[in-house]
Amino acid sequence: MKIISLLALGAVLLAPLAQAETVGSVNTAFKLIGRNHQVVVEVFDDPKVKGVSCYVSRARTGGVKGTLGLAEDTADASVACRQVGEISFAEPLRRQEEVFSQSASILFKKIRIVRMVNSARNTLVYLVYSDKLIDGSPQNNVTAVPVPQAVAIPVR
């Protein structure tokens, strides 16, 4: 019984985050061996807000380590979220919730995007930042999506 409870708790804690698809990339530095250093642009749809998509650009380290997945990407990232259709909500939103996470190194470094609800302005705010187990980065970027006044943002 304890095992089933632990598995259920794990499933809740590991609720699916949005999956990104690559839009494109540009090379920023040539590497003789392995892939070049790049800036990659990806897009994901907010998993709980229909009609909102977020575009993320981030640095990807190349070379031998980058090609093998052993390099640590820099904390440089930018996000731009936009209304791409009619906005609707499947369920009430938390005031602040992580909606996207992607590894930026083999161990302990992630690029994260958090959605915040600004109820006073009926706006969704998205923050991208990088964290690391011991020493994260203060580099960040923010974007906001105003929700039409006729559509109230449900908050729990």
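Scope of the values below: all heavy atoms of this structure, side chains included, with no hydrogens, waters or symmetry mates.
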Can you tell me how far apart OG (S78) and CZ (R58) are? Round to the nearest 0.5 Å. 13.0 Å

Holding to ring pair (Phe, Tyr, Trp, His ring centres under 6.0 Å), I want the full list of residues that pass it with F89, two or more places apart in sequence or in another chain. none

Do V145 and V49 have side chains that approach each other closer than 4.5 Å (heavy atoms only, starting at C-beta)? no

Does any part of the side chain of T143, heavy atoms only, come nearer than 4.5 Å to the side chain of R82, both counted from C-beta? yes

Close side-chain approach of R156 and R94, heavy atoms under 4.5 Å: yes

For the hydrophobic clusters of this structure (ILVMFWY residues joined by side-chain heavy atoms under 4.5 Å, transitively), does one cluster hold both L127 and V125? yes

As a quick check of understanding, evaluate side chain to side chain contact (heavy atoms under 4.5 Å, CB included) for I113 and Q102, giving each step before the final call. CA-CA 9 Å; I113 298 178; Q102 190 168 61; over 6 Å; no

Heavy-atom pair of closest approach, residues D131 and R112: OD2-NE, 2.7 Å

If you measure from OG1 on T22 to CD on E42, what distance do you get to the nearest 0.5 Å? 4.5 Å

Hydrophobic clustering (ILVMFWY, side-chain heavy atoms < 4.5 Å, transitive) - are I153 and I87 grouped together? yes

Side chain to side chain, P148 and Q83, heavy atoms closer than 4.5 Å: yes

Side chains of Y126 and D46, heavy atoms from C-beta outward: is any pair under 4.5 Å? yes

Would you kindly confirm whether V23 and V79 end up in one hydrophobic cluster when ILVMFWY residues are joined by side chain heavy atoms under 4.5 Å apart? no

Side chains of F44 and V99: does their closest heavy-atom pair fall under 4.5 Å? yes

Minimum heavy-atom distance between P154 and A152, given as atom pair plus value: CD-O, 3.2 Å

Checking V114, V142, N141 against Y129 for side chain to side chain contact (heavy atoms under 4.5 Å, CB included), the one that qualifies is V114

What closest approach, in Å, do Q149 and N122 show between heavy atoms, and which atom pair accounts for it? NE2-CB, 3.8 Å

Rounded distance (nearest 0.5 Å) linking atom CZ of R95 with atom CD of E97: 13.0 Å

Salt bridge (Lys or Arg N to Asp or Glu O under 4.0 Å) against E91, all qualifying residues, sequence neighbours excluded: K48

Can you list the residues that meet the side chain to side chain donor-acceptor pair (under 3.5 Å) rule with S88, with sequence neighbours excluded? none

Taking every heavy atom of P146 against every heavy atom of T123, the minimum-distance pair comes out as CA-OG1, 3.9 Å

Side chains of S119 and V155, heavy atoms from C-beta outward: is any pair under 4.5 Å? yes

Contact check, side chains of D45 and S53, non-hydrogen atoms, under 4.5 Å: yes

Is it true that V56 and V84 fall in one hydrophobic cluster, defined by side-chain heavy atoms closer than 4.5 Å? no

